[in-house]
Amino acid sequence: MKISEIYAILDSIAPFELQESWDNSGLIIGSMNDEFDDIVLSLDLDSTIVASAKPNTLFITHHPLIFKGLKRVDSSKYPSNLIKMMIKKDISLISMHTNYDKVVLNRFVLSEILGYQDYEQYGDFILKFEVNQSFEEFVSRIKSKLNLPTLRVVKGSEFIKTAAICTGSGSELIGSFEADCFLSGDFKYHTALESYENSLSLIDINHFESERYFGKSLAFYLQKFNLFATITNSINPFEYR
């Protein structure tokens, strides 16, 4: 199968034209005329995944390996070290980032993982849903559904009527919606303090942990086209002790 053929399928699932202007989704490594033998889905790429991959593999990742322009290719440093390995092994890479967030990933995590089927969409990235639980009950549910031993939270109120979610990192979207609680990752100290003073509860569901379902969600769509992929995940660089 050619890259161009699966690219068209991926474009039908989450059109690449929907990506943000600062994003770099699409074909990152390889040619549209290249053919591949295996498909591997992953949130990111790391040296272990690339080293263990078979030659002529197509990787489809959520985060683009090349995000900003490379001014120098130093094969001793990330990401150039991975690019060198991939070229040697005829490995191709397609990334689906903000276009996939908008169309698939946020909805998948909210409905299939957290179990909230009814929601409203605000803008491109925010999904708002009814909770009607105490803050403590809601935190317990999120912790259980995401299989997280701990959660970093800001308790802005005792009761959560409505909540909003943006997987990955969405703190810059605070203020674009009205809700009692916001679920996202990568919250900074000053964002937390401001939210607390404004009675907005925060639940930090972490960047990796909230987006690690990329492969699972995309595999579901690919199966409709009789395409089957291996699902893996890059390492989480953070450790919790």
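Sparse packing is recorded around CZ of F220, with 12 or fewer heavy atoms of other residues, nucleotides or ligands lying under 6.0 Å away. The local environment of CZ in F238 is sparse, with at most 12 non-hydrogen atoms from other residues, nucleotides or ligands closer than 6.0 Å. Counting non-hydrogen atoms of neighbouring residues, nucleotides and ligands closer than 6.0 angstrom, the CG atom of D74 exceeds 12 such neighbours. Other residues, nucleotides and ligands contribute at most 12 non-hydrogen atoms within 6.0 Å of the NZ atom of K84. Few gaps surround OH on Y240; more than 12 heavy atoms of other groups in view lie less than 6.0 Å from it.
In the hydrophobic clustering of this structure, L105 groups with M96; members are Ile, Leu, Val, Met, Phe, Trp, Tyr whose side-chain heavy atoms approach within less than 4.5 Å, directly or through other members. Side-chain heavy atoms closer than 4.5 Å link hydrophobic residues (I, L, V, M, F, W, Y) into clusters, and following such links, even through other members, never connects V73 to Y78. Under a hydrophobic-cluster definition in which Ile, Leu, Val, Met, Phe, Trp and Tyr are linked whenever side-chain heavy atoms come within less than 4.5 Å, directly or via other members, L27 and M85 are assigned to different clusters. F36 is connected to I94 through a chain of hydrophobic side-chain contacts under 4.5 Å among Ile, Leu, Val, Met, Phe, Trp and Tyr, so both are in one cluster. The hydrophobic cluster containing L151 also contains L110, counting ILVMFWY residues as joined when their side-chain heavy atoms lie under 4.5 angstrom apart, directly or transitively.
Among all heavy-atom pairs drawn from S210 and G168, the shortest one is OG-N, 2.9 Å. Here the closest non-hydrogen pair linking S75 and N81 is O-CB, 3.2 Å. The two residues D204 and G185 have their closest heavy-atom pair at OD1-CA, 3.3 Å. Among all heavy-atom pairs drawn from F59 and A53, the shortest one is CZ-CB, 3.6 Å. E20 and T98 make their closest contact through N-OG1, 2.9 Å (heavy atoms, listed as atom of the first residue, atom of the second, distance). Taking every heavy atom of both residues into account, P15 and N99 meet most closely at O-CB, 3.2 Å.
Side-chain contact between I142 and L114 is present, with at least one heavy-atom pair separated by less than 4.5 Å. When side chains are defined from C-beta on, N24 does not count as touching S95, because their heavy atoms never get closer than 4.5 Å. Taking 4.5 Å as the limit, some side-chain heavy atom of L148 sits within range of a side-chain heavy atom of E209. Looking only at side-chain heavy atoms (C-beta outward), S201 and S157 come within less than 4.5 Å of each other. Between R107 and Q121 there is a side-chain heavy-atom pair separated by less than 4.5 Å. Residues L82 and S47 form a side-chain contact, since some pair of their non-hydrogen atoms from C-beta on lies under 4.5 Å apart. The shortest distance between side-chain heavy atoms of H97 and F67 falls below 4.5 Å. Residues F129 and Q117 fail the side-chain proximity criterion, which asks for heavy atoms closer than 4.5 Å.
F108 meets the ring-ring contact (aromatic ring centres under 6.0 Å, His included) test with no other residue; sequence neighbours excluded.
Rounding to the nearest 0.5 Å gives a distance of 13.0 Å between OG of S92 and NZ of K2. Atom CG in D90 sits 15.5 Å away from atom NZ in K54 (nearest 0.5 Å). With rounding to the nearest 0.5 Å, the separation of OG1 in T167 from CD1 in I205 is 7.0 Å. We find the CZ-CD1 distance between F135 and I203 to be 5.5 Å, quoted to the nearest 0.5 Å. Taking CG from D180 and CG from N132, the interatomic distance works out to 9.0 Å, rounded to the nearest 0.5 Å. Atoms CG and CD1, from D38 and I91 in turn, are 10.0 Å apart once rounded to the nearest 0.5 Å.
Residue L41 is tested with T230, L58, N233, L218 for a side-chain contact (heavy atoms from CB on, under 4.5 Å); the sole match is L218. The side-chain contact (heavy atoms from CB on, under 4.5 Å) with Y213 is formed by just one residue from the set I231, L146, L43; it is L146.
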**Item:** I9 vs M1, side chain to side chain contact (heavy atoms under 4.5 Å, CB included): CA-CA, chis, key distance, verdict
**Value:** CA-CA 12 Å; I9 291 172; M1 189 176 193; 3.9 Å; yes
**Message:** For a side chain to side chain contact (heavy atoms under 4.5 Å, CB included) check, start with the C-alpha distance between I235 and F208, then their side-chain angles and the critical distance, and finish with the verdict.
**Reply:** CA-CA 9 Å; I235 59 167; F208 175 90; over 6 Å; no
**Request:** Let me see the working for E130 and D118 under side chain to side chain contact (heavy atoms under 4.5 Å, CB included), right down to the final yes or no.
**Result:** CA-CA 8 Å; E130 293 278 339; D118 298 321; over 6 Å; no
**Request:** Starting from the C-alpha separation in whole Å, work towards a yes-or-no answer on side chain to side chain contact (heavy atoms under 4.5 Å, CB included) for E112 and K216.
**Result:** CA-CA 11 Å; E112 301 300 323; K216 183 177 180 180; over 6 Å; no
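Between Y100 and F214, the distance from one ring center to the other falls under 6.0 angstrom.
Residue F125 is found in a hydrophobic cluster whose other members, listed by chain and number, are Y122, I126, V154, L173, I174, F177, F182, F187, Y196, L200, L202; membership requires side-chain heavy atoms under 4.5 Å apart, directly or through intermediates.
S42 contributes no side-chain N or O that, together with a main-chain N or O of L45, makes up a donor-acceptor pair within less than 3.5 Å. Using a distance-only test at 3.5 Å, with no hydrogens or angles considered, a donor-acceptor pair links the side chain of S184 to the main chain of G170. For the pair Q19 (side chain) and F16 (backbone), a donor-acceptor distance under 3.5 Å is present. Remark: side-chain polar atoms of S144 are not paired, donor with acceptor, to backbone N or O of S140 under 3.5 angstrom. With K89 contributing its side chain and T57 its backbone, the two residues share no donor-acceptor pair below 3.5 Å.
Residue pairs meeting the ring pair (Phe, Tyr, Trp, His ring centres under 6.0 Å) criterion with at least one member in residues 137-165, sequence neighbours excluded, do not occur.
Look at E178 and K128 and you find no salt bridge, because none of the NZ, NE, NH1 or NH2 atoms lies under 4.0 Å from a carboxylate O. Residues K102 and D124 are paired through a salt bridge, judged by an N-O separation under 4.0 Å between the basic side chain and the carboxylate.
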